[in-house]
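Data block below; observations after.
Computation of the quantities below employed the complete heavy-atom set of this structure, encompassing side-chain atoms and omitting hydrogens, waters and symmetry-equivalent molecules. Protein chains get the first letters and strands the later ones, always in sequence-line order, with residue 1 at the start of each. Source: prediction; values computed, not measured.
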Amino acid sequence: MNLQLQVARPYDFARSVRDYGWIALAPVRWLDELNALRRVERLDTGKVVVLHVTGHEAAEAVTLRIDVQTNGKLTRREQEEIRRKVRWMLKLDEDLSEFYQACASDAALWEKLKTGRGRLLRSPTLFEDVVKTICTTNTTWSQTKGMVERIVRFLGDPFPGDPELHAFPTPEQILAGEALFKDKIRLGYRNDYVLQLAREVVEKGRDLEALKTSGLPAAEMRRELKRIKGIGDYAASTLLMSLGYYDSIAVDTEVRALVVKKYFNGHKPTDKEIAAVYDHWGKWKYLAYWFDSA
DNA sequence: TTCCAGGGGTAGA
DNA sequence: TCTACCCATGGA
């Protein structure tokens, strides 16, 4: 069966879902031959489905088609859950019009964004984004992909129609798989961070997902995120971006490399000088940086 | 072997 | 608030 979503233009589906590295992390994949985003998803009922999302241009809007592979019928509630999760993953409900306006006065940036980019991919749950972000710290991208792939393969529910495909595990499933972390999943010292977070969610009722709609001011949200063991300044900024707060940039090795090369040819700037490059973008700093480097 | 990758926790100042 | 040191893992 398939479900549909309408998105106001401008919206560049194929570019948007690939603009952020999350497109390469299980259980998400981009299928070139179909121009589709594929995601294996475990629904609240426990049913595992495979989603193929494709974009279709029309005059006034873009239609997203979600083809759902499933065993048996989907209830109305399950269909709504899928729509809700896809809307969240693709950030379809964020209003970027103010950002686009600001970009219009920057020719180079506007050239990249005018087709409707800027909605960077995220995960249906904040829990998944936190785990993935922990897997990006102090390691290489290829190792990050391996870590996430192993978490999904060893702990996530398989799709009945193809046991090679797995969903992202719930906190409960991560906790239940504790014994596999050291020898199979191998996140190094990150094992303890992921397990501790899962334990807090499962056993202490820590409600990460409530943060998504809390509307907390950025500073308080950052404080909340940094209460998670393993989340420091870089990871908090990454997660703030995921949650739709774009007013801070984590000056990490990537940002440093881009800014030094592009704006400071020669002398070595401090992190404050680097951050100041994007100051005039106000609440849109992260997106301005992101597409400056894109 | 040694270094280090889109860092973070901790102890000690 | 700042610094030094440690942290598993695997590729270069």
Quiz item: So what does A:Thr139 touch, heavy atoms closer than 4.0 Å: a base, only the sugar-phosphate, or nothing?
Solution: base
Quiz item: Within the structure shown, what part of the strands sits under 4.0 Å from A:Trp290 by heavy-atom distance: base, sugar-phosphate, or nothing?
Solution: base
Practice problem: Can you label the angle between the A:Trp284 ring and the A:Tyr246 ring as parallel, tilted or perpendicular, going by 30° and 60°? | Solution: parallel
Quiz item: Atom CE of A:Met147 to atom P of B:dG6: distance rounded to whole Å?
Solution: 11 Å
Quiz item: Quick one: A:Leu239 CG to B:dG7 P, roughly how many Å, whole number?
Solution: 14 Å
Quiz item: Do A:Glu220 and A:Ser214 touch side chain to side chain, with heavy atoms closer than 4.5 Å?
Solution: no
Quiz item: Between A:Ile231 and A:Glu254, which is nearer to the 5' end of DNA chain B once each is assigned its nearest nucleotide?
Solution: A:Glu254
Practice problem: Could you check whether A:Ala250 gets within reach of a base, just the sugar-phosphate, or nothing at all, counting any heavy atom under 4.0 Å? | Solution: nothing
Quiz item: Nearest-Å distance, CG (A:Asp271) to P (C:dT3)?
Solution: 11 Å
Exercise. Verify whether one side chain among A:Trp290 and A:Asp19 offers a donor that lies under 3.5 Å from an acceptor in the other.
Key: no
Quiz item: Is A:Glu128 salt-bridged to A:Lys132, cutoff N-O under 4.0 Å?
Solution: yes
Practice problem: Give the ring-plane orientation class for A:Trp30 versus A:Phe13, where under 30° counts as parallel, over 60° as perpendicular and anything between as tilted. | Solution: tilted
Quiz item: Looking for any heavy atom pair under 4.0 Å, which part of the strands does A:Arg256 touch: base, sugar-phosphate only, or nothing?
Solution: nothing
Quiz item: How close or far is atom P of C:dA8 from atom CG of A:Asp192, stated in whole angstroms?
Solution: 8 Å
Practice problem: Name the nucleic acid region contacted by A:Asn191, choosing base, sugar-phosphate or nothing; use a 4.0 angstrom heavy-atom cut-off, strictly under. | Solution: nothing
Exercise. Starting at atom NZ of A:Lys182, determine the distance to atom C1' of C:dA8, rounded to an integer number of angstrom.
Key: 9 Å
Quiz item: What does A:Lys226 touch in the nucleic acid at a heavy-atom separation under 4.0 angstrom: a base, only the sugar-phosphate, or nothing?
Solution: nothing
Practice problem: Would you mind reporting whether A:Leu287 and A:Leu113 have side-chain heavy atoms less than 4.5 Å apart? | Solution: no
Practice problem: Among the candidates B:dG8, C:dA8, B:dG6, find the nucleotide nearest to the side-chain atoms of A:Thr253. | Solution: B:dG6
Quiz item: Expressed as a whole number of Å, how far does the C1' atom of C:dC2 sit from that of B:dG6?
Solution: 23 Å
Quiz item: Is A:Tyr193 side chain donor-acceptor paired with the B:dG9 base, going by distance under 3.5 Å alone?
Solution: no
Quiz item: How about A:Arg222 and A:Ser248: does a side-chain donor come under 3.5 Å of a side-chain acceptor?
Solution: yes
Self-check item: Atom-to-atom span, CG of A:Leu240 to P of B:dG6 - whole angstrom
Solution: 21 Å
Quiz item: Quick one: A:Tyr189 OH to C:dC5 C1', roughly how many Å, whole number?
Solution: 13 Å
Quiz item: Is there a side-chain contact between A:Leu208 and A:Thr125 (heavy atoms, below 4.5 Å)?
Solution: no
Quiz item: If we only count heavy atoms from C-beta on, is the A:Ile185 to A:Leu155 side-chain gap below 4.5 Å?
Solution: yes
Practice problem: Could you state the atom-to-atom distance from CG of A:Asn138 to P of B:dG9 in whole Å? | Solution: 12 Å
Quiz item: Between A:Thr54 and A:Asn35, is any pair of side-chain heavy atoms under 4.5 Å apart?
Solution: no
Between the protein and nucleotides 10-12 of chain C, which nitrogen or oxygen pairs are less than 3.5 angstrom apart?
| from | atom 1 | to | atom 2 | distance (Å) |
| --- | --- | --- | --- | --- |
| C:dG10 | OP1 | A:Arg186 | NE | 2.6 |
| C:dG10 | OP1 | A:Arg186 | NH2 | 3.2 |
| C:dG10 | O4' | A:Gln143 | OE1 | 3.0 |

Quiz item: What's the closest nucleotide to the A:Lys229 side chain, out of B:dG9, C:dA8, B:dG6?
Solution: B:dG9
Practice problem: Can you tell me, in whole Å, how much space there is between the P of B:dA11 and that of C:dA8? | Solution: 15 Å
Just the atom pairs and distances: protein N or O near nucleotides 11-13 of chain B's N or O, under 3.5 Å.
none

